[in-house]
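One structure is given below, encoded as structure tokens.
The chains referred to below are lettered A, B, ... by the order of the sequence lines, with proteins before strands, and numbering in each begins at 1. Keep in mind that the numbers below use all heavy atoms, side chains included, and drop hydrogens, waters and symmetry copies.
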Amino acid sequence: MEYNFREIEKKWIKFWSENKSYKTIEDASKEKYYVLDMFPYPSGAGLHVGHPLGYIASDVIARYKKLEGFNVLHPMGYDSFGLPAEQYAIQTGQHPAITTDKNIERYRDQLNQMGFCYDWDRAVKTSSPEYYKWTQWIFKQMFNSFYDLSEDCTKDIQQLVSHFDVKGSDGIQAHQDEHIEFTASEWNVFDHKQKEAILQCYRIAYLSESQVNWCPKLGTVLANDEISNGLSVRGGYPVEQKVMKQWSMRIKAFAERLLNDLDQLDWSDSLKEQQRNWIGKSQGASVSFQVSSNNDRRIEVFTTRPDTIFGVTFIVLAPEHELVLDIVGEAQKDAVTSYIEKTANRSERDRQSDVKNITGEFTGAYAVHPFTGKEIPIWIGDYVLATYGTGAVMSVPCGDQRDYLFAKKFDIQIANIFKDTDISNCAHEEKTGVITSSEFLNELDIQKAIIRSIQEIEHRGIGKGKTNYRLRDAVFSRQRYWGEPFPIYFVNETPFLVDDENLPIELPAVDKYLPTEEGEPPLARAQKEQWNHSQGDRMDFNTMPGWAGSSWYFLRYMDPHNEQEFVSKEKVDYWQNVDLYIGGSEHATGHLLYSRFWTKCLFDLKFIPFDEPFKKLINQGMILGRSNFVYRINGTNSFVTKDKRKEYETTAIHVDISIVDNDLLNLEKFKNWLPEYKDSTFILDDNGNYLCGYEVEKMSKSKFNVQTPDDLVVDYGADTLRLYEMFLGPIEQSKPWDTKGISGVHNFLRKCWRLYCSVDGTSIVSDENPSKESMKTLHKTIKRVREDLNRFSLNTCVSSFMIAVNEFTEQRCHSKEVLEPFIILLAPYAPHFCEELWEKIGHASGSLFDSQFPVFKEEFLIENAYEYPVSFNGKMRFKVELPLSLKQEEIKTAVEEMELTTKWLEGKEPKKVIVVPGKIINFVV
RNA sequence: GCGGAUGUGGUGAAAUUGGUAGACACGCUAGACUUAGGAUCUAGUGCCGAGAGGUGUGUGGGUUCGAGUCCCUCCAUCCGCACCA
């Protein structure tokens, strides 16, 4: 009987499920290994072939580690809060939970048919109350914490309160929004509301009036990483700036640790670099400039080049800067206000793309240079961003090209402070050279001048050395329905935490999933009694963003049913952090950063024993689709084959890849595909075929190029698909999907099957002694596969399997001593196939995965001869087999005496002969 | 502009520390068997050349007995960030 993958796969999936083969329990006697996939958002479209790439890889590693004797945690779950289900709910009125559960079921089926070894008992979904109870609980911990700068650690907010009680704000070293000074006696007479307002400036999870990215079309705020080019990532709608009261997470406090700890992670350079970029550390100084007409007004600037302080000839404020309207002169008022309006009306996108056009206005006010005492003009300009640094810059036209161009355009003085440097054409931006015309900095090179200038700035009390980060606190509320409700109620608009015993705060029922008439979030529609907790005046109407649940889910897998804790100490001590995390790189600055932040926070609060969630990370590449096109002759319903399209005016139209085979269009299926093509006519090529065009692009519904794994599993089986996806190339690389190659892998499995079974399906594996060659093939393969798996080179393993099967076939090997270990080697890739053969060769009960991964033995590879490549001037000319026992000199003599050597030397005397025993011989002529 | 990654046959790709470039597959060519089938088997397949041979890992250079691999230059593609002070 031929290899019947359909029956085999069905049989073993049932077996695994009935025997709970993948149930994982903590076992202190075994070393743990935690392999994690980024859990999917269960969308309505189901999985396409790109999804399983990472899942297959992690499954291969999980199974390998299991066979190596590790206790492997390999779970799967669903990131099930999110916009699509909610949009669907708005359109249909169906509760998002129903849609979500339906999609989850589909995902579960699709994942199951791939033969993944997940312990489904540990599955979590972020939208279930049992799960989000703990998301809410973690939020509470973050609400109850502040960041202590003296110890660089998250601490209980009560410690801060105790300090306030005794010393007021004096001596506080905590990460905060703005410095507020008060004495202990002042603090002690503040009412609750006042105290809470101050505490909000310190809490890790805090409420603040902040400028947010508001997307009117989605009716919600978005985080920076949810926006691309001024449009929402989801939906592509315009985004505008708006001031709203929002929950935020004080991730900025962790900036330095998030940056430094990257060094200890085994992540790709590009990903680490993306995070470094996102955190955007820059060092320099903040300097304060006094406004000359107005003694109590000061402008704070941040600079990375305090050494250029004597080159400052003007100040530029962002148009939105709070000081602008206070200092503007009467004569300039109209021009300035109209400029502010103009920039406010321009979308962020316009402002960014229009870099060439230099605009600005003089405010009429002057600032006093802190060292020279000279008056310098204050301008506003939209090249200064309100959201970075202090929203103000000290302009040094001789050292900064933007300042230079601004000064040229508006005819502002340019002072040169670089010795022997020509700045007549452009600014000197390099950090090299010597400073001049700068009093105490004269004759210092720039590096020394930076240090000296900071000393002096601090000494004179006009500023201080400062590190600035681009990273901003993360906005943590969304005006949406389908997310975690906050465990917060308000009394007199002051937030209070819901008690632990009232968690979870479940999503209340609402009549519609839309904002209220008053513009309140959908949750405001819920009647007070529909909340399972209703203290205070009202509950918080916001919900948490998508990344709330995904920031800690890897912890919940360790202890998914614990009703007392988010994870027990015992279990988290055992499983520790994730050893291998596989997922897409699109989460570089979102999920992966937030998750690191939450982990550090939970570590500081002593809930977990590690401060990085994911030790090693692999970003699987994207599998691109191969789209097909038909060419419609413009203005007709007639389609021309690819080769003849140049003869007509045509439009290329995406056509569903399921009705195209090998680029040949099935005309009947095409006519039935969409109603508008029912009466199409065709101009065919000379063979009577319609040839389609193709292109490699991202898989998407609209391009009709989505390849689902389901069809391939039906046609070839899951084992073939698993092997094929791994065989395609290195896991990190993006590659086009091409179904053609799949037959090669399928043939490999069939060929392999024939080593074990005769035509009637009975085992032909025997107890005969294996040949030396077969043992060599086996151990060569064991060596390679082990090495490759250890460095996650999953594609080359497949090649090794193919080579081994080709060699075994040639050797007519049917020896159990060889074929039994081989089937274990292959099992992580083709689990159903291998289980079946395992059973056939005499393991009547149990699973192959309870056995052990074969161990490599050097002795089988020991050779006594080697075929030496002989090269002349580095070019290989011929090969010669020589005993490996020969010494270097003996090899040399033997080769020199050969006829072929004489031929290639062409009568010349070799200058030198390099002999590397066991490797190569090289004549230098 | 800054940063990161990648450039090898017709295609996907191998080559772990410098040591036979193109393993393993797909595709293609020829042949065999054929109830013409998108099946199976055999042989060939980097390029130029009838052949001997020459040549070849994006470009140009360097180090080395020897470079796809190390160093420098430039080019191209992809990704991320970007008036970041």
Side-chain angles (χ1 to χ4, degrees), chain A residues 228 268-278 280-282 284 286 301-305 308 316 318 351-359 381-385 387-396 399-403 405-406 429 468-470 585-586 588-589 619 621-622 661-662 664 696 723-724 727-730 732-745 747-748 750 784 787-788 790-791 793 795-806 867-879 910-916 918-925:
Chain A
S228 155
S268 74
D269 287 340
S270 94
L271 203 105
K272 286 189 193 179
E273 206 51 38
Q274 273 184 58
Q275 290 214 345
R276 287 193 190 105
N277 230 317
W278 193 258
K281 179 179 182 176
S282 56
S286 68
V301 303
F302 173 74
T303 178
T304 55
R305 295 292 302 277
T308 62
V316 185
R351 254 172 94 171
Q352 275 176 18
S353 54
D354 188 12
V355 177
K356 294 274 179 308
N357 220 344
I358 298 158
T359 60
D382 69 359
Y383 80 96
V384 177
L385 305 175
T387 48
Y388 182 76
T390 59
V393 300
M394 56 175 228
S395 293
V396 184
D400 184 288
Q401 189 61 19
R402 291 155 306 165
D403 296 346
L405 293 171
F406 196 86
E429 291 195 302
N468 201 43
Y469 299 92
R470 201 189 73 105
S585 58
E586 67 272 21
T589 52
N619 286 126
M622 207 183 337
D661 198 4
N662 252 335
L664 297 179
V696 170
L723 273 162
Y724 183 54
F727 186 56
L728 271 176
E732 277 114 331
Q733 229 164 76
S734 288
K735 51 232 149 189
W737 178 257
D738 182 358
T739 327
K740 278 183 195 159
I742 202 166
S743 62
V745 173
N747 286 343
F748 154 74
R750 290 176 25 182
R784 278 201 212 142
E787 282 169 359
D788 289 353
N790 287 335
R791 62 192 172 104
S793 172
N795 53 327
T796 48
C797 288
V798 183
S799 307
S800 299
F801 296 141
M802 288 174 169
I803 294 168
V805 165
N806 289 344
E867 194 175 38
Y868 279 93
V870 183
S871 51
F872 294 79
N873 287 338
K875 287 199 164 53
M876 205 278 290
R877 295 304 181 181
F878 64 89
K879 290 181 189 172
K911 266 190 223 158
K912 203 170 171 189
V913 184
I914 311 280
V915 176
V916 185
K919 279 241 163 109
I920 199 165
I921 298 152
N922 189 21
F923 285 84
V924 186
V925 188

Measuring from L723(A):CG to N795(A):CG, what's the distance to the nearest 0.5 Å? 12.0 Å
For F923(A) and P910(A), work out which heavy atoms get closest and say how close. CD2-CB, 3.9 Å
Interatomic distance at P, G54(B) relative to U40(B), whole Å: 40 Å
Which is true for K879(A) with a 4.0 Å heavy-atom rule: it touches a base, it touches only sugar-phosphate, or it touches nothing? base
W737(A) and Y724(A) aromatic centres sub-6.0 Å: yes
Is the shortest side-chain N/O distance from R402(A) to OP1 or OP2 of C84(B) below 4.0 Å? yes
Tell me the closest heavy-atom pair linking M394(A) and R305(A), and the distance in Å. CE-O, 3.8 Å
Pairwise P distance for C75(B) and U59(B), with rounding to whole Å: 15 Å
Watson-Crick or G-U wobble mate for A15(B), both contacts under 3.5 Å: none
Any side-chain to backbone donor/acceptor pair from N922(A) onto G874(A)? Under 3.5 Å, distance only. yes
Residue I914(A), side-chain atoms from C-beta onward, closest of U16(B), U20(B), C65(B): C65(B)
Tell me: CZ of R276(A) to C1' of A82(B), nearest whole Å? 18 Å
Whichever of E787(A) and R305(A) has its nearest RNA chain B nucleotide further upstream toward 5': E787(A)
Write down the distance separating the P atoms in G12(B) and C72(B), rounded off to the nearest Å. 29 Å
Could you state the CG-C1' distance from L271(A) to A5(B), rounded to the nearest angstrom? 12 Å
If you measure from the Lys or Arg side-chain nitrogens to the Asp or Glu carboxylate oxygens, is any gap between K740(A) and D738(A) under 4.0 Å? no
Spacing between D400(A) atom CG and G1(B) atom P, to the nearest angstrom: 17 Å
Between U16(B) and G10(B), how far apart are the two P atoms, rounded to whole Å? 23 Å
Any N or O donor-acceptor pair under 3.5 Å from the base of C65(B) to the side chain of N922(A)? yes
Rounded to whole Å, CG of N619(A) lies from P of G80(B) at a distance of 12 Å
Could you tell me the Watson-Crick or G-U partner of G37(B), where both distances fall under 3.5 Å? Say none if there is no partner. none
In whole angstrom, what separates N277(A)'s CG from C79(B)'s C1'? 12 Å
Can you measure from OG1 (T796(A)) to CZ (R784(A)) and round to the nearest 0.5 angstrom? 9.5 Å
P730(A) side chain, from C-beta outward: closest of A14(B), A85(B), U16(B): A14(B)
Tabulate protein N/O versus nucleotide N/O from nucleotides 24-34 of chain B, keeping only pairs under 3.5 Å, one per line.
unit_1, atom_1, unit_2, atom_2, d
A25(B), OP1, N806(A), ND2, 2.8

What does G1(B) pair with, Watson-Crick or G-U, if both distances are under 3.5 Å? C81(B)
Would you classify R784(A) as touching base, sugar-phosphate or nothing, given that sugar-phosphate means primed atoms plus P, OP1 and OP2, and contacts are heavy atoms under 4.0 Å? nothing
Using only atom types and a distance under 3.5 Å, with no angle test, would you say the side chain of Y469(A) pairs donor to acceptor with the backbone of S282(A)? no
Judged by whether its glycosidic angle lies within 90° of 0, G27(B) is anti
Provide the distance between the two C1' atoms, one in C47(B) and one in G9(B), to the nearest whole Å. 9 Å
Counting side-chain heavy atoms from C-beta on, which of U20(B), A82(B), G12(B) comes nearest to R470(A)? A82(B)
Between C24(B) and A43(B), how many Å separate the two P atoms, rounded to a whole number? 13 Å
Give the ring-plane orientation class for Y388(A) versus F302(A), where under 30° counts as parallel, over 60° as perpendicular and anything between as tilted. perpendicular
Proximity to the side chain of V924(A) - top-ranked nucleotide from C65(B), G80(B), C84(B): C65(B)
Which value, in whole Å, describes the distance between the C1' atoms of nucleotides A25(B) and U45(B)? 14 Å
Searching all strands shown, indicate the nucleotide that pairs with C26(B) (Watson-Crick or G-U wobble; both distances under 3.5 Å). G10(B)
Where the side chain of R791(A) is defined as all heavy atoms beyond and including C-beta, which of A85(B), A15(B), G54(B) is the nearest nucleotide? A15(B)
Pick the C1' atom in G27(B) and in G62(B), then give their distance to the nearest Å. 40 Å
By nearest atom, which of the nucleotides C84(B), A21(B), C79(B) is closest to the Q274(A) side chain? C79(B)
Integer-rounded Å distance: G19(B) C1' and N873(A) CG: 15 Å
Would you kindly give the CG-to-P distance between D788(A) and A23(B), to the nearest whole Å? 17 Å
Using atom NZ of K912(A) as one end and atom P of C65(B) as the other, report the distance to the nearest whole Å. 5 Å
Ignoring hydrogens and angles, tell me if any N or O in the side chain of K735(A) forms a donor-acceptor pair with the backbone of P730(A) under 3.5 Å. yes
Result for 5'-nearest mapping on RNA chain B, choosing between Q733(A) and S282(A), is Q733(A)
